[in-house]
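Report on one structure; see the data block that follows.
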Amino acid sequence: MTRRARRHWLLKSEPDVYAYEALERDGRARWDGVRNYTARNHLRSMSPGDPFLFYHSSCPVPAVVGIGRVVSEPYPDPTQFDCSSPWFDPRGSPEQPRWWSVDVEPIAALPHPVTLAAIRADPLLRAMLVAQPAGARLSVQPVERTHFTRVLRLGGLPASVARGARTRPPS
DNA sequence: GCCAACGTTGGC
DNA sequence: GCCAACGTTGGC
């Protein structure tokens, strides 16, 4: 059986709403509520095992603060069917879902968060979408492997951390 | 709080 | 299909 190469991603969250620490606390979370078609398309092309950068946005110091991994296949975002949810969307039906989710788990916090300013200041990183005016607002972004590795290096994590199976200690 | 950038909606 | 109006995101 052949496996497709891992893709790398960047997921944004406002720390006031759902911080990286919350993902560590929860151990696993559904990444739902994405209501942008480009971001949706990225979500839908994720595969279990794909690593991602966890980025804090709309806060005093926007930064990549941790990494995690996708742990499910993409599936219809249940909040679109829930009329009590703020993300309810009557245009989506179980037969023809409009919005998608994946489940994610934390891998590790970055010992040194990599700030947006640092990304822009680094010749190897400044091409990242998150640093571009055109990409800054996209909440689910693809990340090049070289960029992913570089962020880990600047953040003080060995690259092997993202490759291993489960690195969090059992609790 | 301001504002630039961009996505979405809806009239035509 | 075009485009103006509007809403949202997110850095500063």
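Chain letters run A, B, ... following the sequence lines, proteins first and then strands; every chain starts at 1. Computation of the quantities below employed the complete heavy-atom set of this structure, encompassing side-chain atoms and omitting hydrogens, waters and symmetry-equivalent molecules.
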(request) Round to a whole Å and report the spacing from CZ of A:R137 to P of B:dA4. (result) 14 Å
(message) Of the listed nucleotides (C:dG11, C:dG10, B:dC6), which one gets closest to any side-chain atom of A:P62?
(response) C:dG11
(message) Please confirm whether the shortest side-chain N or O distance from A:Y37 to OP1 or OP2 of B:dC6 is below 4.0 Å.
(response) no
(request) Ignoring hydrogens and angles, state whether a donor on the side chain of A:W99 or A:D89 is under 3.5 Å from an acceptor on the partner side chain. (result) yes
(request) Please report the closest heavy-atom contact between A:R30 and A:T79, naming both atoms and the distance. (result) NH1-CG2, 3.9 Å
(message) Rounded to whole Å, please give me the gap between NE2 in A:H56 and C1' in C:dG10.
(response) 15 Å
(request) Could you tell me the separation between the NZ atom of A:K12 and the C1' atom of C:dT9, rounded to a whole number of Å? (result) 7 Å
(message) Is the distance from the ring center of A:F54 to that of A:W31 below 6.0 Å?
(response) yes
(message) Rounded to whole Å, how long is the line connecting atom CG of A:L138 with atom C1' of B:dC6?
(response) 11 Å
(message) Using the side-chain contact (heavy atoms from CB on, under 4.5 Å) criterion, which residues pair with A:T115? Sequence neighbours excluded.
(response) A:V61, A:A63, A:A117, A:A118
(request) Answer yes or no: does a side-chain N or O of A:R120 lie under 4.0 Å from OP1 or OP2 of C:dC12? (result) yes
(request) Would you mind reading off the distance between A:N36 atom CG and C:dT9 atom P, rounded to a whole angstrom? (result) 10 Å
(request) May I have the distance from A:L129 (atom CG) to C:dG10 (atom P), rounded to whole angstrom? (result) 13 Å
(message) At less than 4.0 Å, is any side-chain N or O atom of A:R91 found next to OP1 or OP2 of B:dT9? Yes or no.
(response) yes
(request) Rounded to the nearest angstrom, tell me the gap between atom OH in A:Y55 and atom P in C:dT9. (result) 15 Å
(request) Calculate the interatomic distance between A:L11 atom CG and C:dG10 atom P; express it in whole Å. (result) 12 Å
